[in-house]
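Side-chain atoms are counted along with the backbone in the values below, which use heavy atoms only and exclude waters and symmetry mates. Both ligands and their constituent atoms are indexed starting at 1 by order of listing.
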Amino acid sequence: MNNKDTIVIHPYLKSLRVQKGYFLKEAINLVKAINLNCLYSHSVGLEKISPKTYLNTGFIFSLVKKKEELNVDLIFINTNLSPIQQRNLETKLNCKVIDRTGLILEIFGSRARSNEGKLSVTLASLEFQKSRLVRSWTHLERQRGGAGFMGGPGEKQIESDKRQITEQINRLKKKIKNISSIRNIQRYRRKKNKIPVISLIGYTNSGKSTLFNKLTKSNVLSKNMLFASLDSTIRKSFFNDINVLFVDTVGFIRDLPTALIDSFKSTLDEIIFSDIILHIRDISDDNYLEHKREVLKILNEIGVCSDDKRIIEVINKVDLIENKDFEHNSQKNGAIFLSAATGFGISNLKNRIKKSLISENFSLFKQSY
Ligand SMILES: Nc1nc2c(ncn2[C@@H]2O[C@H](COP(=O)(O)OP(=O)(O)OP(=O)(O)O)[C@@H](O)[C@H]2O)c(=O)[nH]1
Ligand SMILES: [Mg+2]
């Protein structure tokens with residue numbers, strides 16, 4: 001999908017007062033995250049959603065013209081389309097249409113490196129394909145390399161595709177279950193040896209990996225790109241006389257597809273069983289508050305309450321803002337203000353972690369891995 005030209009459309013309901021500018025910007029960043037080249041982007045206000053095509057006829061007409069003018073054969077619609085809406089749009093626009101879930105699955109598919117990550121993305125993509133069973137444009141199509149388990153469009157073919165996909169899904173679930181039982185054993189061992197686990201979570205691009213690298217002297221990819229990290233990384237670190245394990249996790253985003261959350265369940269379990277959850281927030285982002293709401297929503301979906309005592313808010317990228325009145329705010333809700341880039345505030349975070357661990361009765365010296 002590299003460097004393919006695309007058009008980005010963000011449709012929104014006029015009746016809902018939403019920040020369309022922000023959503024469009026995020027949509028453009030999503031296509032950039034997979035090296036698509038956005039030639040034109042537009043937010044379109046809709047009176048209502050068409051059950052058949054999502055967009056209204058007038059707008060589809062203007063989009064056809066735009067697409068021909070720019071000679072583009074891929075359009076990203078920044079919402080979740082029903083299979084019928086997607087198919088009808090592809091017919092009317094005479095080009096590939098990819099929706100939000102489809103694109104996020106593509107991004108995840110291109111990023112997964114670990115065996116577990118790859119299995120999880122494949123599982124999510126198969127669940128997604130099964131739900132629509134039209135020829136869809138995902139990395140799986142390329143992976144198949146012509147073997148073609150989703151060959152023809154006929155009903156019979158679709159039935160047999162469905163069967164094959166279901167079988168594949170079951171096989172994948174088994175494999176993932178095996179990996180997750182290994183994880184459970186590792187988790188049990190860590191608990192037994194009293195090694196605290198600290199996960200770094202947050203909206204994508206908030207600076208989790210940058211902070212993780214600082215805390216563990218590692219070199220995980222940190223980049224100004226959505227979903228730079230996909231596979232969670234675990235590293236041990238020793239500071240202030242404490243051995244701890246830090247976990248860098250996949251970033252969250254608004255409307256993260258449920259299929260992905262389910263498929264990544266075993267990775268996300270690392271968060272659930274952590275002793276401390278560092279919620280990394282990018283204070284320089286215009287949608288700082290909105291992002292927090294989204295992160296808490298997803299945490300809630302995986303079983304961590306927003307008022308969970310293990311959560312420590314880490315307000316990152318303070319080097320980018322002008323108002324540096326952190327003392328006051330920090331006292332208000334116990335958040336730690338820092339810059340993972342410059343290192344400012346990191347010692348405060350370490351002290352805070354130490355304090356939390358002591359209060360949780362972690363033995364500070366007699367640890368073994
Ligand atoms: N100015 C500034 N930039 C930062 C800071 N922390 C991270 N960044 C930048 O923000 C961008 C994203 O950082 P990452 O560490 O990759 O963010 P992430 O949360 O791991 O992102 P994903 O893995 O994509 O979810 C990179 O360009 C970092 O250099 C900071 O404290 N100050
Ligand atoms: Mg990262």
Side-chain angles (χ1 to χ4, degrees), residues 25-35 103-114 117 120-121 198-235 237 246-257 260-261 264 267-268 270-271 274 277-288 290-292 294-299 302 311-324 326 329-330 335-350:
K25 200 167 121 197
E26 186 174 86
I28 296 168
N29 282 335
L30 275 174
V31 300
K32 274 193 197 150
I34 194 155
N35 290 332
L103 185 67
I104 293 177
L105 285 173
E106 278 289 336
I107 299 172
F108 275 48
S110 72
R111 298 277 197 276
R113 294 285 170 269
S114 73
S120 307
V121 180
I198 302 176
S199 25
L200 284 80
I201 62 127
Y203 211 80
T204 179
N205 215 42
S206 59
K208 299 175 292 298
S209 301
T210 311
L211 182 61
F212 177 84
N213 286 340
K214 273 264 159 45
L215 292 168
T216 60
K217 301 190 177 68
S218 309
N219 202 13
V220 165
L221 173 72
S222 75
K223 201 171 168 188
N224 192 11
M225 175 174 78
L226 302 191
F227 301 116
S229 343
L230 182 73
D231 298 307
S232 55
T233 316
I234 304 187
R235 292 279 149 75
S237 177
F246 282 101
V247 189
D248 184 21
T249 62
V250 57
F252 295 167
I253 195 163
R254 179 176 67 87
D255 293 339
L256 196 62
L260 267 179
I261 299 183
F264 276 80
T267 321
L268 295 173
E270 287 296 348
I271 302 174
S274 301
I277 300 169
L278 300 179
H279 175 186
I280 320 300
R281 300 180 58 199
D282 175 356
I283 196 171
S284 71
D285 196 293
D286 295 343
N287 287 282
Y288 172 70
E290 153 105 357
H291 286 179
K292 174 175 175 170
E294 289 300 328
V295 168
L296 294 181
K297 206 163 97 188
I298 297 169
L299 273 185
I302 61 169
I311 302 177
I312 298 177
E313 262 193 36
V314 175
I315 315 296
N316 188 28
K317 306 199 189 179
V318 296
D319 54 300
L320 296 179
I321 56 157
E322 301 212 326
N323 177 5
K324 309 248 189 237
F326 311 132
N329 286 319
S330 158
I336 303 286
F337 288 72
L338 56 76
S339 163
T342 66
F344 169 87
I346 289 189
S347 56
N348 285 346
L349 175 64
K350 288 183 175 178

Next on the checklist: Measuring from atom 27 (O) of ligand 1, which candidate in Leu221, Ile107, Asn224, Asn213 has the nearest non-hydrogen atom?
Outcome noted: Asn224
Item to check | ligand 1 N/O within reach of Ser339 N/O, cut-off under 3.5 Å | outcome: yes
Checklist entry - To which protein heavy atom is atom 17 (O) of ligand 1 closest, and what is the distance rounded to 0.1 Å? => result Gly207 N, 3.1 Å
Checklist outcome for this item: For Leu320, the ligand 1 atoms with a heavy-atom partner under 4.0 Å come out as 1 (N)
Next on the checklist: How far is atom 1 (N) of ligand 1 from the closest protein heavy atom, and which atom is that?
Outcome noted: Asp319 OD2, 2.8 Å
Next on the checklist: Measuring only between side-chain heavy atoms, which start at C-beta, is Asn205 closer than 4.5 Å to Asp285?
Outcome noted: no
Checklist entry - Who's closest to atom 18 (P) of ligand 1 heavy-atom-wise, of Lys317, Arg281, Lys208? => result Lys208
Next on the checklist: Determine whether Leu299 and Leu296 satisfy the following criterion, side-chain contact (heavy atoms from CB on, under 4.5 Å), listing intermediate values before the conclusion.
Outcome noted: CA-CA 5 Å; Leu299 273 185; Leu296 294 181; 4.2 Å; yes
Next on the checklist: Geometry only, no angles: is Leu338 polar-contacting ligand 1 at N/O separations under 3.5 Å?
Outcome noted: no
Next on the checklist: Glu294 vs Asn287, test: side-chain contact (heavy atoms from CB on, under 4.5 Å). Steps then yes/no.
Outcome noted: CA-CA 10 Å; Glu294 289 300 328; Asn287 287 282; over 6 Å; no
Next on the checklist: Do Arg235 and Val220 have side chains that approach each other closer than 4.5 Å (heavy atoms only, starting at C-beta)?
Outcome noted: yes
Checklist outcome for this item: Of all protein heavy atoms, the one nearest atom 21 (O) of ligand 1 is Asn205 N, 3.0 Å
Next on the checklist: Counting C-beta onward and ignoring hydrogens, is there a side-chain heavy-atom pair between Ile336 and Ile312 closer than 4.5 Å?
Outcome noted: yes
Checklist entry - In terms of atom number and element, which parts of ligand 1 are under 4.0 angstrom from non-hydrogen atoms of Met225? => result 24 (O)
Item to check | Non-hydrogen atoms of Ser114 and Gly117 that approach each other most closely | outcome: OG-N, 2.9 Å
Checklist entry - What are the atoms of ligand 1, with element, lying closer than 4.0 Å to any heavy atom of Ser209? => result 15 (O), 18 (P), 20 (O)
Checklist entry - Within the structure, does Val250 bring an N/O atom to less than 3.5 angstrom of an N/O atom in ligand 1? => result no
Checklist entry - Between the side chain of Lys223 and the main-chain N/O of Ala228, is any donor-acceptor distance below 3.5 Å? => result no
Checklist entry - Under a 4.5 Å cut-off applied to non-hydrogen side-chain atoms, are Leu349 and Leu278 in contact? => result yes
Checklist entry - Do the rings of Phe227 and Phe108 sit parallel, tilted or perpendicular, given the 30° and 60° boundaries? => result perpendicular
Checklist entry - Going by the order shown, which atoms of ligand 1 are within less than 4.0 Å of some heavy atom of Phe227? => result 24 (O)
Checklist outcome for this item: The closest protein heavy-atom partner of atom 16 (O) of ligand 1 is Lys223 N, 2.9 Å
Next on the checklist: If I only include protein atoms of type N, O or S, how many are less than 2.8 Å from the Mg ion (ligand 2)?
Outcome noted: 2
Checklist entry - Tell me, do Leu211 and Ile346 make a side-chain contact under 4.5 Å, heavy atoms counted? => result yes
Checklist entry - Would you say Thr342 has any N or O atom under 3.5 Å from an N or O of ligand 1, going by distance alone? => result no
Item to check | Option from Leu230, Leu226, Leu30, Val31 for which side-chain contact (heavy atoms from CB on, under 4.5 Å) with Ile107 holds | outcome: Leu30
Checklist outcome for this item: heavy-atom search around atom 29 (O) of ligand 1 in the protein gives Thr210 OG1, 4.3 Å
Item to check | Atoms of ligand 1 close to Ser222 [distance to a heavy atom under 4.0 angstrom, numbered from 1] | outcome: 14 (P), 15 (O), 16 (O)
Checklist entry - Is there any N or O on Asp248 that sits under 3.5 Å from an N or O of ligand 1? => result no
Item to check | Closest protein heavy atom to atom 23 (O) of ligand 1, given as residue, atom name and distance to 0.1 Å | outcome: Ser229 OG, 2.6 Å
Next on the checklist: Yes or no: does Gly202 have any heavy atom under 4.0 Å from an atom of ligand 1?
Outcome noted: no
Checklist entry - Looking just at side-chain N and O atoms, do Ser229 and Ser209 make a donor-acceptor pair shorter than 3.5 Å? => result yes
Checklist outcome for this item: Gly251 heavy atoms within 4.0 Å reach ligand 1 at atoms 25 (O)
Next on the checklist: Measuring only between side-chain heavy atoms, which start at C-beta, is Ser218 closer than 4.5 Å to Thr233?
Outcome noted: no
Item to check | Leu226: numbered ligand 1 atoms lying under 4.0 Å from its heavy atoms | outcome: 24 (O)
Checklist entry - Side chains of Thr204 and Phe252: does their closest heavy-atom pair fall under 4.5 Å? => result no
Item to check | N/O donor-acceptor pair under 3.5 Å between Thr249 side chain and Leu200 backbone | outcome: yes
Checklist entry - Does Arg254 offer a backbone N or O that forms a donor-acceptor pair with the side chain of Tyr203 under 3.5 Å? => result yes
Checklist outcome for this item: Logged contact type for Thr204 with ligand 1, heavy-atom cut-off 4.0 Å, is both
Checklist entry - Got an N/O contact under 3.5 Å between Ala228 and ligand 1? => result yes
Checklist entry - Any side-chain heavy-atom pair from Ile201 and Ile298 closer than 4.5 angstrom? => result no
Item to check | Location of contacts on Asn316 toward ligand 1, heavy atoms closer than 4.0 Å | outcome: side chain
Checklist entry - How would you list all residue pairs meeting side chain to side chain donor-acceptor pair (under 3.5 Å) that involve residues 311-322, not counting sequence neighbours? => result Arg281-Glu313, Asp282-Lys317, Lys292-Glu313, Asp319-Ser339
